[in-house]
Structures are given as C-alpha cells and as structure tokens.
Amino acid sequence: MRTNDVMLQTATKVVTFIILMFAVHIFFAGHYTPGGGFVGGLLTASAIVLLMLAYDIETVKKIIPFNYVMMTATGLLLALGTASASIFFNVPFFTHAYDYFDLPLWGKTSLHSAALFDLGVYLVVVGVTMTIIQTIGEDE
Amino acid sequence: MRNSLREERFSIETTIVNILIIILISVGVIFSAVTALGLVRLPDVYTRTHAASKSSTLGVMCILGGTFIHFWLLEDHFNPQLVIAIAFLFITSPVAGHLIGRASYMSGIPLAEETVRDDMKIAIEKKKGEQK
Amino acid sequence: MINLLLFPVLIPLLFAAILLFFPKNIRMQRTFAAIGAGLALVAVLFLIAKVKTDGIQAVTLGSWDAPFGITMVSDLFSALLVLSATIITLFIIFYSFPTIGAEREQSFYYPAVLFLLTGVNGAFTTGDIFNLFVFFEVLLMSSYMLIVHGGEKPQLRETIKYLLVNVISSALFVSAVAFLYSVTGTLNMADLAVKIPQIEATGILTVIAVMFLMVFGFKAAIFPLYFWLPGAYHAPPTPILALFGALLTKVGVYAIMRTYTLFFTMNTDFTHELLAIIAILTILAGCIGALAYFDVKKIIIYNIIIAVGVILFGVSQLNEAGVDGAIFYLIHDMLIKAALFFLVGIVAVIFGTSNLRQMGGLMKTHPFLGWVYLITAFGLAGIPPLSGFPGKLLIVQGGFEGPHFWGSIVVLATSLLVLLSAIRIFIYAFWGEPVETVPLKKSTYRQMLIPSVLLVAITVFIGVGAELFMPLINGAGEVLLNPSIYIDAVLKE
Amino acid sequence: MSLVFLIFLPIIAALFIPLLFKKIGQIHTGWFVLVVPVILFIYYATLLPTTMDGGTRVSEFQWIPSLDISFIAYLDGLSLLFSLLITGIGSLVVLYSVFYLDKKREQLHNFYVYLLMFMTAMLGIVQSDHLITLYLFWELTSISSFLLIGYWYTRDRSRFGALKSMMITVFGGLMMLGGFVLLSIMGNTYSIRELISQAPELLGHEFFTWALVLILLGAFTKSAQFPFYIWLPDAMEAPTPVSAYLHSATMVKAGLYLVARFTPIFAASGTWVWLVTGIGLFTMFWGSFFALKQKDLKGILAFSTVSQLGLIMSLLGASALGFHVEDAAGTVFKYAAFAAIFHLVNHAVFKGSLFMIAGIVDHETGTRDIRKLGGLMSIMPISFTIAMIGSFSMAGIPLFGGFLSKEMFLTAMLAIAEFDLFSMDVWGILFPVLAWIGSVFTFVYSFYFVFHTFAGKHKPEELPKHAHEAPIGMLVSPAILAVSVIAIFFIPNVVGDWLVKPAVLAIQPFMYSNPEEIDIHVSAWHGANTEFFMTLGIFAIGALLFWSFRKWKQAYDAFPDSVSLNRLYDSFMYLSDGGANRFSAVYMTGFIRSYLVYMFGFVVLIVLSTLVITDAFVLDLSNTAPIGIYEIIILIALVGGTITILAAKSRLTAIIALGAVGYSVALFFVIFRAPDLALTQLVIETISVALFLLAFYHLPKVSKKEERMGFKLGNAAIALGVGITMTLVALASHSQKILPSISEYYKETVYSEAGGGNIVNVILVDYRGFDTLFEITVLGIAGIAIISMIKLRLNKKEGQHENK
Amino acid sequence: MEIIMSVVIGFLFMAAVYLMLSKSLIRIIIGTGLLSHGAHLLILTMGGLGGTAPPVVADGVSISDYVDPLPQALILTAIVISFAVTSFFLVLAYRSYQELGTDNVNLMRGTEDND
Amino acid sequence: MMTFYWVSLLVISFAFSGLLYRLVKGPTVADRVVALDALGVALVSIVALLSLIIGTEFFLEIILLLSILSFIGTTAFAKFIERGEIFDRNNNR
C-alpha cells in the first residue's frame, strides 16, 4: 500500500530552503571560519537528496534540470583554470591573488581568487554526489 | 582578555544571564536524560519514538537556547545559525518521529503487549476496502 | 616558463575535463584524446630538453617556499618516465580506436585514460610525499574505472580484489605518512632528505622505511604482495591491460626508487638488503607464474612481476651500474610491455581466445606479425642489441660489484625463463599447424598493427641507439645517487 | 675495407633476400646468396700472409661509448682460421643447399635470411675482441640456430628441437655473460686483449674461479659437452645443410673458440685444466659410445660430433698445461694446442662432407633410418666414395687427414698421464685410457655409419623413394671437402704453417712471439712409439667390435631411456609448465581471503621484525595530551560501535553501527579542535550511510552459513597482528617526535600572507591547493566511473576480445 | 591521550582487517570504512593532540596554542578520497551482485580456464 | 560555571550511552533508527556544551549541520524501512 508524504513534503519545502541558505553561508565563510566549498557542496547535495526523498527523482529532475556530469566537468575546469591563471603571469602554478575592494552597498570586501577555486570544488562535489545518487537511484 | 573586561562592567547582568543559562541547560539536560531513560525502558518502538521525538527535541532546544544566550549576551557574538537550528529542529523532529512511527507500522513491527488501542489498523483496513 | 614541468600533468587533466562534456560523440572523443596526449608529449619533450640543459626543474606551487607548499620536481629520471608514460598512452589511445568498441568509447573511456595519465605523470613529478598519495589515488581511481569498464563478469569479480588490495595499501600509505610526519615534521621529499640524516634514532625511521616499501610494494607487485595482479590485469580488454601493464606497477617501482635513494638511506644495511632479497623472490615468483600458464595475456602479465624484481634488484645495489641499469630497464620495460600486450592482443583477437593451446600456425598467414613478436620477445629477454640488454647488463654488473653475487646470477638465469615463456607463445601461436582463425577486417588489423609496430620500433631504437640515451640515463642516475643535487634544486639554498 | 663492417655484410645482404625471392622466382635464391661467403672467403684468404707473420688486424666501431661497448673486429691467426672455415664451408653449404632445397616448395627467403644472419653472428663471435659484442653475436647464433632448426615449423619434432637447443645454449650464453661481467669488473675493461695482458693480476681475484666456471658453462653448452650435449641430436631436425654448417662445422665450434681464446687468461688455474680436459675427454668417450645406439644417420653424426668436440676440448685443456711447466715450448704439450686446432680443421672438413652425404641419402631414398638402408654402394657410388673418405678420416686411418691429428691427440693424452701437477699422477692414467676407449668406439661408429648404409643388402621395399645417385650439383660440395681430407694428409705442414700455427700463437701467446717459432713438424710416421701401438690396438679392437656388433648391440638396452639426460631436460620442461602450474595453483587460489592473509601476514611479519631488529620501540609518556572523561566516553562509544559491527548478524545493524562509529570519529574531531574535519566527517558519514542503504536495497541478506572456526581464528590472529603492529608503530613514532613540524609557518603567515583566517581551509585551497585540485579530480573520476559502471553493460559473448 | 588513541587505532585496524577477511562483501566494505577511520584518526594522533584552540585565526590575533593544522588538512583530503572510493566500492558491490548473483567473495574465485 | 557545563556534559554523555544501548540492542531495525535519531539530537547537545566549554564559536556550525543531517538520515531510514527503497523513480505512477 502506498502512503502519502504530505507531512514530509510540506516540511521539506521550508527545510530545503534553510539548508540551501546554510550551504551558501558555509561556502562563503570557509576562508575565515570553518566550512568551505567541500562542505557547502555536500550540504547542497543533501538538500537535493531531501527533495528526492520527499518527492521522486523525476520531479526533482524537472525542478533542477542540471546535467551533473557537466557540472563536475565545469567545476574541474574552473578549479584548474583558477590555478592556471598564474601560468600566464609566469609565476608558480597556483599562486593566488587577493585584494580588498570597496564595493557599493557591500562595503569593504576581500576578493580572493581562492574563492573561485573553492567554487570549482563546490561544483565538483555537488556534481559528483548527485551523479552518484541519481544514477543509483534511477537504476532498476 | 575581553571576557574579563566585560565581566567587571556587567557583573550583575552577567549573573542573571548565567542563571538563565543554567536554568535552560538544566532543563535541556534533564529532558535529554529522560529521553534516554525512555528509550531504554519503554516497551516497543512506538512508545520509544514518542520519547525520542518529543522530549529530546525540547531538551535540545533548551540547551541550544542556553548556548545561544551565552554567546549572544556574554561573548557578544550573535549567532544566527543557532536560531535557525532551533527553528529547524522544531520543524523537523516531529516529522521525523512521524515518519519512523509510520514506517515501523507499515513494515509490520508488532505493538507492545500492553497496547490497548490500534486506530491505524482500522484506518488502513478502511482504506483497503475503498480501494477494492 | 617555470611551470613547464606541470604541463604533462595538467594538459591531460584539461583535456579529460573537456571530454566530459560530449561523451557520446566518438569522433570528438578520439580527436581530443589524441590531441591531449600529443600536446602532453610535446610538453615533455620540451621539458626534457630544458632539464638536460638547465638541470633539475622545480616549482613551488602557489609560491610558497619549499617545505611549506607543494613542490613539483622534474629531474631527468622523472622526466624520462613521464616521457615514456606519455608516449605509451598516446599509442594506447591509437590502439584503442579499432579495439575498444563503440560502447566503451561512449562511456568516458578516453577521459579515464587521460586521467590515468595525469595521475601517473603527477606521481612521477611530485616532490611531496602526501601529494604522491593524492596522485596515486588519481591513477588508482582511474584504474578502478578502467578495469571494470564494460562490466563483464570477470571484470567485476577481479575489480573487487584489485580495489580491496588498493584500499588497504592506501590506508597503509596514509598511516605511513602519518608516522613519518610525526617523526620528522615535514612532508616535502627534499626537506625529508635534509632532516632524516639529522635524526640519530634510525630505528623508527627504518620501520617507517619498511612500511613505505610495503605500501609501494602493493602497487609495484613485489613478492608476496603481487597476488592481486595476475587476475586483475587479466580481466580488462587489451588496451587497458597494456596501459596497466606498462604504467601502473612502474609508479610503485618509481616511488620505491625515489624514496630509497633520496631519503631512506639511513640504514641501507637493513633496508636495501631487504629490498634485494624481496626483489630476488619477486623474480622467482614471477617466473613460476610466467611458466605456469598457457594463456598469452597471463604469460606477459607475470613478466611484469619479473621485471619489477629485476629493476628493484638494481636499485637495491645503490651503486652507479645498478641504479643506471634499473633506470634503463624501467624505461625499456614500460615500452616493451605495452608493445607485447599490443601484439598478444592482436593474436588473441585473431584466434578469438587467449588460450595458447588453441592457437597455431600464424606464421603462415601473418608472418610480419610473427617477426615483430619475435623481436619483441627477444627484447623482453634482454638479448642484445635490443632494449632489454643494456639495462640488464648494468644491473648484473651492479649486483656483482655490490654484495649480491647470487642475485646477479639469478637475474641472469631467470632471463632464460623469461625467454622460455615468451618464446613459448611464439612456438605455439606462430609455429605449428594452422588452426581456424576469426575473420578480421584488413583495415582493423592494420589499425592494430601500426601502433604496435611503431612501439616495437621505438624499443628497438632504444636498444640499438642506446648511446643516444645513455647521457640521459646517466644524468638520471646521478641525481639518484647524489641526493644533494635534488635537495639543492628544491630548497634553493 | 673495414673489417668490422665485413662482419655485417651477410646480414645486410640478408635484407635483400626476401625481395630477390619474391621478384626473381625463377632463379634459385641460393645463387645470389652464394656470392656473399665467396667474396668474404677470398678477402679473408688474402689476409693469411699477415697472420702467418704473427700480425693482426684491428678495426673498431663504437656502439655505446658511454658504456664502453663497441664492435671491435680483431683478426689474429685463430680468428682468421675460424673466419675462413665459416665462409669456406659456408660457401659449400650454400652451394649444396641450392640443390638440396626445392625452390618451389620451400620458403627459401626465410632459410637464407637465417643462414646469412648466422654467418654474421659467427664471424662476429670469432672476430670480436669485445666481451659484450662477443656475447651479442653468441646469442645471435643461438637465435639463428633456433630459427633454422625450427625451419619446418609445423613439425612437432622441429619445434621441440629448436626450443631445446635454444634453451640450453642461451642458458650457457647467459652464464657466460655473467662470467664476462665478472671479468670486466676484475680487469676494468671489456677488451679481451687487454684482459689477456693482465692475466697474472686476475688470477688472485675473488671472482676468478666464478668467472672461469661461468664462461666454461657457455663454452660447454655451445660445444655440446657433457652433460649439455643433449640438444645437439635433437637439432638434427634442421635441414641437412644447416646440420652440416651449424651443428658440425661452425656453431658448435664456437665453444672451442671461446676456450681457445680464453686459455691465456685462465690456463694458470688448475680448475680450468681439470674441467676442460676432463669434461672434454669424458664427452669424447660418452659421445662415441652412444653414437652406436643411434638409428638415424644424422643421429650417429650428431653423437660423433659431440665426441669429436670433446676430443678437441680435451686437447685445448691439455694445451693449458703448457702454462704450468717451465720452458713449455720444449715439452710435448706444445703439440696439444697444435693438435687441437689441426683436428678442428680436419673435423670441420670431414664432418661437413659426411653430413652432406647423410643429406643426400635422405634426399634420394627418403629415409635416414639406418635399419632400412643398405647396399647403396652400387646405386650411389660417388656418394659412397665420399662417405668412405670422410669416415676413414674420422676413424683415424692413414691416408686421411684425421689420422694425423688422432696421433697427436694420443701423444698429448699420454703426456698428461706422465705429468705430475694438480695430483694428476694419480688420476692421470685415466686420460690415455679414456682417450683410447673413445677412439675405439670412434672407429666402430665410423665403420657402422658408412658400411651399414652403403654395404650389405639393398632393401628397396623399405625405402619411401626409389634410390638413385644424387644430381652432380649436390655432390660438388662434399666432393670438394673429401678431396681436402686427402690433401690435408699429404700436405699437413702447409696447413700447419698457414692456418694452425698462427692460431696456436693466440692460444699460447706466452710461449712464442711469432708463428715461425713454433717448432712442430707433422709427419705421418714418427716411429714405433706408444701412440703407434695404441693406434694399432684401436684398429684391431675396433674391427673386432665392428664385426661382432650384432652380437653385443643388446648391451645398449642396459641404458634405459628413463634415466637419460634427455629425461632430465624433459622433466625440467615439464616442471616449467605442468609443474609450475600445479605449484602455482597451490597458492594462487583465486580466493581474495588467501591473498589478503599472505599480504597482511607478510606486512605484519616484516614490520614487526624490523621494529624488533632495529630496536625502534620507545615509549615516552611525557609529551602527551591529558585524558578527559568525555573523551573516554566517546572512546567507549567508538569501541562499542565497532564491536557491534563485528557481532552484527543483520547488515542494517552493521551499517547503523558504522554510522555510529563515524559519528564518534566526528566527535573526536570536535574534541581535538578540528571543526572543519568534524563538519566534513559528519556530512560524509551521512551521505555514505545513505549510499550504503541505496546499494543494500539490492543486495541479499547476509547468509546464515557461518565460517569455519579455524578460519575465524586465523582471521582473528591476522587481524590482531595488524592491530598490534599499528599500535606499536604509532606509539614508537609518537614517542620519537624529534623535529618540529613545518606547520608553525602556516600559523604565522595565514593572515598576513595568505589572506585567510581558517588555517585548514587556507591550506586546502592555497598552501596545498594542488592536493585539493587532484582530490576533486579523484571525486570526478569516481563520478564518471560509477555512471559508466551502471550504464555500460557489455554482454560477455560479443565482447571479450573485441573481434567484431 | 595519544597512548590511548594509539590503542584505539590499533583496535580499529584490527576490526577492519577482521571484517575484510570475511566472505561477505558487505562486511568487507564496512571493513574498508573502519580502516579509513583508523587511518584518519592516526594522522590526527600523530600530529599531536595537544593544542587548545582550533586552527582558525581571528582578526589579526595570534594565539600560539593552535592545534597543528596540517594533519587536519591531510585528513580532509584523505576523507574525501576515501569517500570517493567507498562510493565506488558500494556501486561495484551492487553491480557484482546483479551480474554474479552473489555477495560471497568466496564464490568469486575466477576460473583459471586458460592454464 | 565551567563545573556546571561539565556536569551537564556528563549527564548527557550518560544519556548518550543509554541511547547507544538501544542502538546496539535493537531489537528491531526501527528501534535502532529511533535511537540513531535521538543520538543525533544528543550529539547536537554535546557539541553545544562542548563549544561552551572550549569557548569557541567555531563549532556552532556543526550544530545546524548535525540537525540537518540527522533529519535527512532519519527520513532516509524511515523510507527504507517502509518501502525497502529510498528514492521513488516517479511517485505519480
């Protein structure tokens, strides 16, 4: 007999939002406080997993229409590209650059190329985790 | 260094806050202990679910409240994550409890011998009848 | 270009990542894979030229000074290995076109090969012990993927064993790094080479050195840690087998050579003696296996183990002849194993089986293949003037000059068994009464034969033109024997 | 013309052979090939005057100068003699093969390529002054012999014989290489000349005896000495021109050449004399004795070759004695070297002709089985004549060249008996006795060969073919050789002055400085001395034995096949496949558990014993963190969780317990101040558990069947060993934290230079970002690996060998 | 504390090896999980458990008593890698069960057909 | 104040071991899941108290994370017990 998941689905709507916010927060906080692209990515993935638990794979695919392999590849390229930028300045690979900027509205912000690298990590982690879960989940 | 300065200036307030924290955390700890007791002593999975989802949620919320107050008022560190965590637990714990309870029932785990009523059984049979 | 030495590592990675975007387009997959490996090859050639003229290349990643950041170091030894690995991969990509099959090509086969190359090249280049672990994992993960690629029953079965063994060795690797870090407080190899001689308590370092030997031994398939290898390598299709046979164990061998010449030299009486004994036992165990099976793939697979023993025996002597010989033999072995696997792959395709007893008479229909195989077999056994000879000669000489007279005799005597095992394939498959063969398209046959023949030609060239390579080999051996060159280049004092 | 390039002339010519064979099919390829040895022969013959004056020629071509390896062609008397033999007999053999091998049915291009390759190899051996290139050519002869024996590769016997000869000769070659390397280490040079010049210094070296034994192994295997001769009879599967060329005239003499060449280096050692003379003489006896057991014409010749090679070998050994006596040039030992070389020439000539005749018989009658042959005398008169000349020379009958060298052989052996060095006076008497017995049997088998084939009753019904005389072209080569046999008897001193004496100079360089100083004059009659009576005895007893051969033939049945040396080889070959297979099956069980037990057992054993041997275990309690109560509680949780896993009957329990262990580990990370780790561990643990559940949905229940108690105990013992090892090493490592960590640097620079606060994260993305880049690569590969594993399913039937 | 941790790590390794020697694939995979836990704790222990502050530097303030950050970074890398391997192993187990119909490794001998 | 935190931590640790007992004991899978859920929550309390004791705000992230994970984990287990699989391919069919 099938049971309905109304209670779970309702809670999920709120909870997923909370998790995603938290994931973004933890991603950006990484450089100064615990966190970073890796945990952020995994949290994002778990938010999607929660959606899959509450609804079903097809529905979630419709909501988030990403090809996760490409996401992985993009992440890899981003991380590699960030690190490789230093090649063009003929300084050792992976030399990061950072500076402080005064952005309107935002105030004084530090922009660090490591953040871009971390974004690559984030994308790879989300991509791979979701690839794995989705492929296993879809398999008969 | 920062702590000591602050303590000198607001020692009375500090004491009050500390008492508040002690109360919150004590309540939380007691509830948590009760949860454990419940989980160990209660006869079947359904009653244990009851213990786990209600008292433990309350317990942990109290402890988190205490922690939040500690960091906010004593260390001047407003931590929104704690607030969110409290809200989160408030939303999810009952849902989780419900899910486990229903899952146990659906998978056919027997009720304790002392059970007097089983409403779910009636509901399910009714639904099955409708489907036929 | 101070980053030149990174290119052989990064180019395959870049192309592998790009290939992930269009897995179903076979033509693009092939083209990009070949271009990627080709560009990497060009980069290595430049790199070797630069290392030869300017000495050891080292780059401290992220501009953090040597012991703190990760250093990538390219001396002649590692550059030569990177060169061999890249050449082999390029050939394997070509050999894969007609053999691997469209389904596999559409399932990330080429990216996996390029990822493997990334891992192998990285492991050869890195100057940081933990980074070495990471590169090991890159190549292992790709190898897991390749070995199970296609999901046939034997593949799945053997992958479990392969994976399990490597998980264990990875855990031991991490543990060994932890112990090393505890004692020395550093991870940079050059820094280790500086710090280890300062430590008087050599006992614990010896234990750690032995643990590292075990860890790398799992990968290099030394006795008695080789048991996983024959089954695991037998399962995947030929191009993958060639890739594994040529590259994977050699990374373990490289790691042993590097660590046992650069910094684990505090108690050579114990560690290198142990290494020599293990090497001899490895040779013997490999010989038994190579003779025991009438399966073309298995015979060559066991020859991998024998070669590992021979190379390690050379290293354990820690004298110029031994080390130079080991380097020469290592490079020879990488190339010739790939070539042999290519050739027996063709044989297996022609007969539709890898069972030697069901073959025969190929000399009548494919004489050219027979001659190429015969030359390769003699090269494998170290018959002059082919490529196996100079290395083996130097290793034997090293053993005689060192304390291991009997080791050299064993190396020589087992060459006979190597020859026997390789010639047995020739006698059974090429000689004898012809048996029925599987019809094969002429163009497919040619597509398989051309890369094989080119590779064999390269090995022959290495043997006959050994003079051209000896300065490189000597240069590589010099660095191994004088760690101070390496240390100075990395720490730039 | 540079000598060293002449060596390669045949192999270069070989490159054109396939082309000629394909393009010009109507002319027998052999005619083109013939040009090469003839040119070389003529060229080498022009060098004779040089060597007769004791001169030499050297020519060098550098191959691998860094390793000091080069091709050095060095022509002295010995080398030139061999070069002439190789090219001379080579020419005759090629001529013979033109008629012997059918141009339509045979793969002539292969045959001649092998033959020319062999010619290069053989010239290389005898002319190389460099040890390594000598070895190179040495192996090349083995290979070309392998290919030639296996020329009719569809026959089982051919393949068997080819492999056998290669195994044995390559084995010897490898051992010889070992000896060469030892020599080069001792003398610090690869050049044979330089080694000879420092022979006295080498004598005391620790490797000296080893080098000697190893090099002799090479010589003995190649020259088919006891007990390595067994490959030679099986090598008779090769086409007869090959047998005539390789397996009697040239290749098998490479071992003799080697012994002769190295005599100046090793002769000072008693071991050398004993081994070379003893093995040689015994081989001579053994070969001659068993030659009579053979039924195959070529088999008889093979054993006779073995025997004759032994004879020459023993003479070379005796010549080494010349180094042990004062004023050797005055003693009788000076004859030994001369006799060795002289007989070598004789043997090459008469054995070549005999092989060719055996080939002719085979070719014209279709069989080589001596039991089916007989009475061919009238049908093949020319062949008979040639065969008789050859056989009589072999038997040592006057009027034929063999007689002269046989006499000198007996002289030398008698001299050894009287010589009292190395306690030879006791055993010395054995030498002439063995030599004499061997000679008797030689006499018998020579007669046996020629008369059982050509005399007696003709049995046409047993012959596959109608017998008739061979075409004249085929007879030319053996006839030339037969004429030479007789010529040698009448002009022995011309041969001696031109060929033998320059060669003797190379063997005994300390005794003479010029060939002319060698004061030996060969004459058929040298008085009624002991040798003379011995010879008479040989003839008498030999004739007696030959006539009564039918009566005592059964005596050979007393030597069962099962204990022969061939059996030894066969059982070695069996060991190398069936035996190895069974042995390997004992430990290559295919069970992952066995492999893991070996591996873990080995690791534990080695690491623990290293720990004990190096005395590395130190326990230092001073530098440890305090122990807290809550840490203990978490520890208990961790251990409890682990025990639950071990005891779990249901897999879900095990997974949940694993989750609990993971969470405890995360708590440890919290306690030990690693927030990043705790975060990551928690998320990973959760996702892992989810994956476990996903995968387990499809897996079966844990089977109820328990494993055997013995297995369990074994597993427990191994597991305990691993645990103890890790603990001990961890304690020892921790107690010996000797140097400060590099991480102080990160703490100091993280804010100022890296622009970050969270050191761990900054290490991950900046200091050691390279690790992270490849760590996510690993993740990425895992992703595509899992996709391809689930999506790609090839069916076994169509796919294993991609043969579509 | 390090002493006790060493013992516990030894215990984890022991349990892991024991599990890996059993015949059920599930237990083997769980064993690899335990093995990596052991290895990670080992790195942490070998780095020293002494410090009292997490290795996070707040605004320019520097305390000397941070715990060693390097082992933590290494563990983080190792955790991710072992996660990748474990997921792969799980899927492999799942696929093998589909193809081979068993999760008993003793039944996965592999026939030595060509010997 | 510290003493109070310590005592609280001790009490929760005891509660924790009680939950562990249930986790180990079972008897049904559902019991274990319940215990695991409660363990997650207890862990949150422990981490909160620990960060009070250590006096650092860096562990507070863990609290939210733990509650999230514990929820997802429990949901997954519940679905597993109930349906035998975790994800539905398509609920509407």
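Since this is a predicted model, take the numbers as computed values, not measurements. To find a chain, count down the sequence lines: A is the first, B the second, and so on, and within it residues start at 1. Below, each value reflects all heavy atoms present in this structure, side chains not excepted, and no hydrogens, waters or symmetry copies.
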Which region of [X], side chain (C-beta onward) or backbone (N, CA, C, O), has a non-hydrogen atom less than 4.5 Å from a non-hydrogen atom of chain D, or is it both or neither?
X	answer
I168(C)	side chain
M363(C)	both
I409(C)	both
V183(C)	both
T118(C)	side chain

Pairs of heavy atoms under 4.5 Å with chain C: top-ranked of [options]:
options	answer
V778(D), L779(D), I742(D), I185(D)	I742(D)
V603(D), L575(D), I69(D), V607(D)	V603(D)
T614(D), D771(D), V181(D), I592(D)	D771(D)
L214(D), I790(D), L177(D)	L177(D)
F617(D), F171(D), W152(D), W138(D)	F171(D)
L67(D), T777(D), D615(D), V170(D)	L67(D)

(request) Quick one: closest heavy-atom pair of S788(D) and S107(C), and the distance? (result)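 The answer is CB-O, 3.7 Å.
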(message) Testing the basics here: between G432(C) and T154(D), what is the closest heavy-atom pair and its distance to 0.1 Å?
(response)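 Between these two residues, the closest heavy atoms are O-CG2, 3.4 Å.
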Side chain [X], main chain [Y], donor-acceptor under 3.5 Å:
X	Y	result
W63(D)	V464(C)	yes
E467(C)	S66(D)	yes
S182(C)	S733(D)	yes

Verify whether the ring centers belonging to [X] and [Y] lie closer than 6.0 Å.
X	Y	value
F405(C)	W210(D)	yes
F227(C)	F602(D)	no
F430(C)	Y153(D)	no
Y767(D)	F68(C)	no
F146(D)	W431(C)	yes

Would you give the length of the straight line joining atom [atom1] of [X] to atom [atom2] of [Y], rounded to the nearest 0.5 angstrom?
X	Y	atom1	atom2	value
I383(C)	I143(D)	CD1	CD1	4.5 Å
F130(C)	R768(D)	CZ	CZ	7.0 Å
N581(D)	F294(C)	CG	CZ	8.5 Å
Y595(D)	L225(C)	OH	CG	13.5 Å
L416(C)	M166(D)	CG	CE	8.5 Å
L773(D)	L13(C)	CG	CG	6.0 Å

Considering only heavy atoms from C-beta outward, does the side chain of [X] approach that of [Y] to under 4.5 Å?
X	Y	value
F770(D)	L6(C)	yes
I132(D)	P384(C)	no
Y293(C)	M588(D)	yes

(message) Can you tell me if Q198(C) has over 12 outside heavy atoms packed within less than 6.0 Å of its CD?
(response)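 Counting neighbours around CD of Q198(C), more than 12 heavy atoms of other residues, nucleotides or ligands fall under 6.0 Å, so yes.
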Heavy-atom pairs under 4.5 Å with chain D: which of [options] has the most?
options	result
Y109(C), Y181(C), Y144(C)	Y181(C)
L274(C), T159(C), I199(C), I473(C)	I199(C)
G69(C), G360(C), P224(C)	P224(C)
M470(C), M72(C), M145(C), K195(C)	M145(C)

